[in-house]
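The structure under discussion appears below in the form of structure tokens.
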Amino acid sequence: MVTIRLYDTSARQIRDFAPLRPGCVSIYLCGATVQAAPHIGHIRSGLNFDIMRRWFAYRGYEVTFVRNVTDIDDKIIAKAADQGRPWWSIGYENERAFNDGYRVLGCLPPTYEPRATGHVTEMVEMMRGLIERGHAYEADGNVYFDVRSFPGYLELSRQDLDDLRQPSGEGETGKRDPRDFALWKAAKPGEPSWETPWGRGRPGWHLECSAMAHKYLGEAFDIHGGGLDLIFPHHENEIAQAKAYGDTFARYWAHNAWVTMSGEKMSKSLGNSVLVSEMVKQWRPVVLRYYLGTPHYRSMIEYSEEALREADAAYARIEGFVQRVVEKAGRVVDPAAEVPPAFAEAMDDDMGVPQALAVIHNTVRQGNSALAADDKDTAVARLSEVRAMLGVLGLDPLDPHWAGESGGQDLHGVVDSLVRMVLDQREAARARKDWATADAIRDQLGQSGLVIEDGPDGPRWTLGAR
């Protein structure tokens, strides 16, 4: 297989990817903590790793992709108390919102999507092993990880333990060292809890992922992913737990950058979040995918309406080319068996989507030139390449997900019939030289988001940029 290269956070450099098992790749992605509905910053992580997964699959790997759901958390419990609702109803409602967000933006479903609350047995087993090995201890019904017992602690984030400040949360009493972190939290009145050998309580956030990764991917797996903000403490603590337990754990660490607003990470606590459910009312989901998925996964995205308009216009140019070639060919053109070498080279180099996208737009320009020269065969060949490349990025406008079939029906034919009726009226006005009426019809269609182009074969319509 061709060598794929990835930036490994733990090594602070790009490394050749060598899988544990030839022809297979295993990925664990820290998924949603479901205390609230997702904003576009949340969904970016799932989208970036969806593209990574698609590229590994294109390169011939069998991909096992695990994305967890954290459905028990301090914030979920606090919100349930504020709203007078069961904690599990808060989690389930927002888990569905996250899945709707992933689906509407074209993310493939994970191989496994485990919930934290479904794996308490595995967590208890891991805690028992850590206590037996001298890496954890019980105090006041809590179970803590002894950070000084693990020499490799903080190697991922490259901090100094003596400078580390990790304050205790409410009820986290009996720590031997203030920097020790909770594996298990003793039960509080009115809060959810599970029975363990150390009393009733609930899991700590970090323990959940270590236990679930072990359950679904074994003692060692290829890639662990997540947002930059998870490097410390979450991923650092995951490593400590898993390796102290005896696992090799992740061999590569991949972290996506944030979506920012005014230079700050998009966050509900800052009041600057943009919910996916609201964004898809203003922008087509495929445009949101283009906007969030085409910058390099390690680059920050500064949110702005202008940037979204630019993404809309850029994707509309691709769609227009696809539609014109299909009309010229009189049939749907299948994707090429292979993407162009320049596209593959860009994707192999740390998922270089911006460079790969440049290849797509260059191919579109070549195809448009062929159309202008009435060279149908070349235009069809370029479209075949474009569809293959867009398919890897999850952006092919002819894919059933974007063509309307995923919603249960394809509305393009219905819209086309309605627009054709209006265009026939415009043609009749032009035939009688009623230019004012013809222009008014064109302008009215334009206000509806349609672009009308007059050509030798008559008028045609496309969706325009907003």
Side chain to side chain contact (heavy atoms under 4.5 Å, CB included) filter on Ala307, not counting sequence neighbours, yields Tyr291, Ser304

Can you list the residues that meet the side chain to side chain contact (heavy atoms under 4.5 Å, CB included) rule with Asp100, with sequence neighbours excluded?
->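 For Asp100 the side chain to side chain contact (heavy atoms under 4.5 Å, CB included) partners, ignoring immediate neighbours, are Arg103.
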
Exceeds 12 heavy-atom contacts within 6.0 angstrom, atom [atom1] of [X]:
X	atom1	value
Arg21	CZ	no
Lys215	NZ	no
Tyr112	OH	no

On the 0 to 90° scale, with breaks at 30° and 60°, tag the Phe145-Phe150 ring pair as parallel, tilted or perpendicular.
->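 Correct class here is perpendicular.
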
If the plane angle is over 60° it's perpendicular, under 30° parallel, otherwise tilted; pick one for His361 and Tyr290.
-> perpendicular

In a check of ring-ring contact (aromatic ring centres under 6.0 Å, His included) between His206 and each of Trp184, Phe232, Phe181, which one passes?
-> Phe181

With a 3.5 Å cut-off and no angle check, do the side chains of [X] and [Y] form a donor-acceptor pair?
X	Y	value
Gln355	His296	no
Tyr297	Asp350	yes
Ser210	Glu238	no

Pairs involving residues 30-50, ordered by first then second residue, that meet salt bridge (Lys or Arg N to Asp or Glu O under 4.0 Å) (sequence neighbours left out) =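 Residue pairs passing salt bridge (Lys or Arg N to Asp or Glu O under 4.0 Å), neighbours aside: Asp50-Arg54, Asp50-Arg289.
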
What distance do Leu207 atom CG and Glu122 atom CD have between them, rounded to the nearest 0.5 Å?
->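 Atom-to-atom, Leu207:CG and Glu122:CD are 10.5 Å apart.
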
Row check, Phe17 ring normal vs Arg5 NZ/CZ: under 6.0 Å, within 45° |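 Cation-pi check for Arg5 and Phe17: fails.
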
Is a side-chain N or O of Thr248 found less than 3.5 angstrom from the main chain of Ala220, in a donor-acceptor match?
->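 The answer is no, because no donor-acceptor pair under 3.5 Å joins these two groups.
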
